Amino acid sequence: MEAYIFYIMAAVSVTAAVYLIFEKNPVYSALYLILTLVSIAALYILLEAQFIAAVQIIVYAGAIMVLFLFVIMLLSLNIKEELKDAIPFQKIPALFMGILLFSVLCIILKSKFVQGKQGEYTSAYVASVGNTKLIGNLLFTDYLLPFEITSILLFVAAIGAIMLAKRKL
Amino acid sequence: MITLTHYLVLSAILFTLGVIGVLIRRNAIIIFMCIELMLNAVNISFVACAHYLNSMQGQLFVFFTMTVAAAEAAVGLAIIVAVFRNKETVNIDDINIMKW
């Protein structure tokens, strides 16, 4: 059962990603990216990361993609614009380089490089305490400083976005 | 049985698709979406490694990655809006004022 869900969701996410990069209309591209993000959220649930799955749907598929769609519709883009190619013959080398990158990544995966020490958070322990509670505990104890710095980062990003998008200061 | 390698290969495929998208597309917004796709591909390998190593750190890092992605999307889209206001285009071939 788990294997079937994995294969279905992996196929959906890869297909939607392919459509994302070859779709002419940016609005459709954004919708395909939302499909990819939702299927990745399903994979997170398979990996017993319920909190991350919920955040993925709320923050990524909800907030960030709404921002993207908003900007796309605000700018009223000309779809025909992309048809003229300033650098001809770029697509074939780009695809070739992508395949090369994928082979290098697979060679790294095949080596015994990907190993690590087993941690203490086993599935049974996480299920008994609760995934969200454990993440909250860690965020407010061991990772308190990064968590607070994150708030400053978001604050700076909000100010920066307003500064950049404002017509006149 | 789904192993860690399955998830890492899926992550590699999505990352490669994101890189190809950045290389072949000319629309700045779609290039931006491909960058988001690459961030997500890395997040998959974080969560998968965390699950198979019985660890929690991977999920925390994904949490921070998402925050950085949200900040980056806000600032990046603001830059795109500012560029569009000046040049009336988001085609990156026409945005070459920094070319020497």
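All values reported here derive from a predicted model rather than from experimental measurement. Just so we're on the same page: letters track the sequence lines, and every chain starts at 1. Note that these values count all heavy atoms, side chains included, but never hydrogens, waters or copies made by symmetry.
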Among [options], single out the residue with the greatest number of heavy-atom pairs under 4.5 Å to chain A.
{"options": "B/Cys34, B/Gly58, B/Ala74, B/Ser11", "value": "B/Ala74"}
{"options": "B/Ala71, B/Ala82, B/Gly18", "value": "B/Ala71"}
{"options": "B/Gln57, B/Met1, B/Glu72", "value": "B/Gln57"}
{"options": "B/Asn54, B/Leu23, B/Leu53", "value": "B/Asn54"}
{"options": "B/Val81, B/Asn43, B/Val22", "value": "B/Asn43"}

Using non-hydrogen atoms only, which part of [X] is less than 4.5 Å away from chain B: side chain, backbone, both, or neither?
{"X": "A/Phe51", "value": "side chain"}
{"X": "A/Tyr7", "value": "side chain"}
{"X": "A/Ile149", "value": "neither"}
{"X": "A/Val156", "value": "neither"}
{"X": "A/Thr36", "value": "side chain"}

Exercise. Does B/Tyr7 have its ring centroid less than 6.0 Å away from the ring centroid of A/Phe6?
Worked result: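 Centroid distance B/Tyr7-A/Phe6: below 6.0 Å, so yes.
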Exercise. Using the benzene-type ring in the case of Trp, are the ring centres of A/Phe68 and B/Phe32 under 6.0 Å apart?
Worked result: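 Yes, close enough.
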Exercise. Should B/Thr5 and A/Lys110 count as side-chain neighbours, where that means a heavy-atom distance under 4.5 Å?
Worked result: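 Not touching, per the 4.5 Å side-chain cut-off.
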Exercise. Quick one: does B/His6's side chain get under 4.5 Å of B/Leu10's, heavy atoms only?
Worked result: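 No, their side chains stay 4.5 Å or more apart.
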So, the side chain of [X] versus the backbone of [Y]: is there a donor-acceptor pair under 3.5 Å, distance only?
{"X": "B/Arg25", "Y": "A/Ile21", "answer": "yes"}
{"X": "B/Asn40", "Y": "B/Glu36", "answer": "yes"}
{"X": "B/Arg85", "Y": "B/Ile80", "answer": "no"}
{"X": "A/Ser29", "Y": "B/Ile30", "answer": "no"}

Given heavy-atom pairs under 4.5 angstrom as the criterion, report whether the side chain, backbone, both or neither of [X] touches chain A.
{"X": "B/Val75", "value": "both"}
{"X": "B/Ala41", "value": "neither"}
{"X": "B/Val68", "value": "both"}
{"X": "B/Leu60", "value": "side chain"}
{"X": "B/Phe63", "value": "both"}
{"X": "B/Ile79", "value": "both"}
{"X": "B/Ile44", "value": "both"}

For this session: Look up atom CE in A/Met97 and atom CD1 in B/Ile24, then write down how far apart they are to the nearest 0.5 Å.
Result: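 Rounded to the nearest 0.5 Å, the CE-CD1 separation comes out at 14.5 Å.
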Problem set entry | Spacing of CG belonging to A/Leu37 relative to CE belonging to A/Met65, to within rounding of 0.5 Å |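 Atom-to-atom, A/Leu37:CG and A/Met65:CE are 6.5 Å apart.
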Go through [options] and name the one with the most non-hydrogen pairs under 4.5 angstrom from chain B.
{"options": "A/Glu120, A/Glu2, A/Gln118", "result": "A/Gln118"}
{"options": "A/Val126, A/Leu138, A/Asp142", "result": "A/Leu138"}
{"options": "A/Leu47, A/Leu105, A/Leu164, A/Ile64", "result": "A/Leu47"}
{"options": "A/Leu153, A/Ile99, A/Ile40", "result": "A/Ile40"}
{"options": "A/Gly160, A/Ala30, A/Pro93", "result": "A/Ala30"}
{"options": "A/Ala63, A/Pro146, A/Cys106", "result": "A/Pro146"}

Problem set entry | Ring geometry between A/Tyr121 and A/Tyr125 (parallel below 30°, tilted from 30 to 60°, perpendicular above 60°) |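 It falls in the tilted class, 30° to 60°.
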For this session: Identify the heavy atoms of A/Leu20 and B/Leu37 that sit nearest to each other, and give their distance.
Result: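 Heavy atoms of A/Leu20 and B/Leu37 come nearest at CD2-CD2, 3.9 Å.
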For this session: State, to 0.1 Å, how close A/Pro26 and B/Asn27 come at their nearest heavy-atom pair, and which atoms those are.
Result: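 That closest heavy-atom pairing would be CG-ND2, 3.6 Å.
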Exercise. Is the closest side-chain donor-acceptor distance between A/Glu48 and A/Ser123 under 3.5 Å?
Worked result: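 Yes, because at least one side-chain N or O of A/Glu48 sits under 3.5 Å from a partner of the opposite role on A/Ser123.
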